[in-house]
Amino acid sequence: DLKVYWGAGGVVDSVIDVTHNVVVPFDTAVGGSWGFLNASNTAGAGSDDGRPGVVSLFDFGCTYPINQFSTLISCTAGTQYNLSPVAELSPVIVVGGSPMSAQTARAPQPNPGFLMYIAGHVFTFEMAALPADGTVWTMRGYTGGGLTGGQGSAGDEGPYVYNEVRPRPFTAVGAELRLAFDATNELLAPTLTSLDEVHTVPDPYYVTSEFEQTTDNKVIKFVNLPNAATIRIYSSSGVLVDVIEHNSISTDGSATWNVRNRNNQVVASGVYFYHIEAGDARKVGRFTIVNFAQ
């Protein structure tokens, strides 16, 4: 919904997009804005109606940027009408139907009026006097299949029915879109498939690994782990070398081994096996260590 708040003498105090709670700005060009066309600011004969001193919807063909691209309603090159922030009573022509020659020859309406552009819509108003100070107009726009029904010139077509097809586009100038949502993280039980992604880094392991800081601070990483897992490391002869209990509430999924056995001794070079136990899932893998003697 859009609300137009009138002041005195055809001046509009403000236009508010109440749907998005933002001000619709005035602009001399058409866009996400509003403004009026009167006889005083359509004095040139460049529009399709070809008659200075009267206003019709054809005059919008000479407003910027419509005069740059429109083929539906034309405008003489070099002619441009600028919208005004003040409404004035002028002779108005109501256009509709075809052919074009019949439109441009129509007589003005019995009462004067003005043209109004507001946020993508154009209107012709006919009235004996301008809206009084303090008057509020409300425009309700619809997006979708449109309205059917009514009791106009086409006859009695029943009650008005709005055929909604899609939501109104978010096109209000200056509007902000804010979202609030709740997220629930769920840790799924590990499976054999999920453990297939677990491996060691680096492999093979050399003393010059990028993870270590000195020759006494060696690191091998087990990556892609589930949040809880037990890692057992064995020598190639089947001797249990070390046990790592991995428990993490983050999504890091990695655990480190300092390349030492349970007696805190740096292990020798060779092939090692690891056994990962996570819930009901199991995995066995191997890696190689190439180490210098201490």
Side-chain angles (χ1 to χ4, degrees), residues 1-96 103 108-109 111-143 168-175:
D1 287 358
L2 298 165
K3 288 189 178 295
V4 180
Y5 294 86
W6 288 90
V11 175
V12 170
D13 291 334
S14 62
V15 177
I16 306 297
D17 183 334
V18 295
T19 301
H20 300 109
N21 193 31
V22 293
V23 175
V24 179
F26 164 76
D27 199 327
T28 57
V30 301
S33 55
W34 64 271
F36 299 103
L37 284 182
N38 312 295
S40 62
N41 59 340
T42 60
S47 67
D48 271 343
D49 68 32
R51 286 183 287 179
V54 297
V55 289
S56 74
L57 291 180
F58 290 118
D59 291 325
F60 280 106
C62 289
T63 58
Y64 182 84
I66 298 177
N67 60 352
Q68 303 296 308
F69 61 82
S70 176
T71 58
L72 181 62
I73 47 178
S74 59
C75 181
T76 302
T79 301
Q80 179 169 309
Y81 299 156
N82 294 321
L83 299 179
S84 168
V86 180
E88 302 171 3
L89 292 180
S90 307
V92 296
I93 299 173
V94 176
V95 297
Q103 308 303 309
Q109 294 296 107
N111 293 311
F114 51 83
L115 306 181
M116 184 176 189
Y117 171 84
I118 178 170
H121 302 273
V122 292
F123 299 94
T124 301
F125 291 101
E126 177 191 354
M127 58 190 67
L130 291 169
D133 186 7
T135 301
V136 180
W137 285 3
T138 299
M139 186 193 86
R140 173 160 289 178
Y142 296 89
T143 299
R168 175 184 174 186
F170 188 73
T171 56
V173 174

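Basis for what follows: all heavy atoms, side chains included, without hydrogens, waters or symmetry-related copies.
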At their closest point, which heavy atom of [X] faces which heavy atom of [Y], and how far apart are they?
X      : Y      : value
Ser90  : Val55  : CB-CG2, 4.3 Å
Ala87  : Leu130 : O-CD1, 3.7 Å
Ala119 : Leu2   : CB-CD1, 4.0 Å
Phe60  : Leu83  : CE2-CD2, 4.1 Å
Ala132 : Thr135 : O-OG1, 2.7 Å
Val54  : Asp59  : O-OD2, 3.7 Å

Q: For residues Trp137 and Phe123, establish whether the separation of their ring centroids is below 6.0 Å.
A: no

Do side-chain atoms of [X] reach the backbone of [Y] as a donor and acceptor pair under 3.5 angstrom?
X     : Y     : value
Thr28 : Asn82 : no
Tyr81 : Gly61 : no
Thr63 : Ala29 : no
Asn38 : Ser40 : no

What distance separates [X] [atom1] from [Y] [atom2], expressed to the nearest 0.5 Å?
X      : Y      : atom1 : atom2 : value
Tyr5   : Thr138 : OH    : OG1   : 7.5 Å
Met116 : Trp34  : CE    : CH2   : 6.5 Å
Asn67  : Ser47  : CG    : OG    : 11.5 Å
Ile93  : Leu57  : CD1   : CG    : 10.5 Å
Asn41  : Gln80  : CG    : CD    : 11.5 Å
Ile118 : Lys3   : CD1   : NZ    : 11.5 Å

(Q) Using a 6.0 Å cut-off, check whether atom CG of Asn111 has over 12 heavy atoms from anything other than its own residue. (A) yes

(Q) Take a 6.0 Å sphere around CZ of Phe125 and say whether it holds more than 12 heavy atoms from other residues, nucleotides or ligands. (A) yes

(Q) Would Val4 and Val12 count as a side-chain contact (heavy atoms from CB on, under 4.5 Å) here? Give the steps. (A) CA-CA 7 Å; Val4 180; Val12 170; 3.9 Å; yes

Q. Taking the inter-plane angle between the rings of Trp6 and Phe114 on a 0 to 90° scale, is it parallel (under 30°), tilted (30 to 60°) or perpendicular (over 60°)?
A. tilted

(Q) Does any part of the side chain of Pro85, heavy atoms only, come nearer than 4.5 Å to the side chain of Val11, both counted from C-beta? (A) no

Q: Go through the steps for Val122 and Leu115 under the test side-chain contact (heavy atoms from CB on, under 4.5 Å), then give the verdict.
A: CA-CA 7 Å; Val122 292; Leu115 306 181; over 6 Å; no

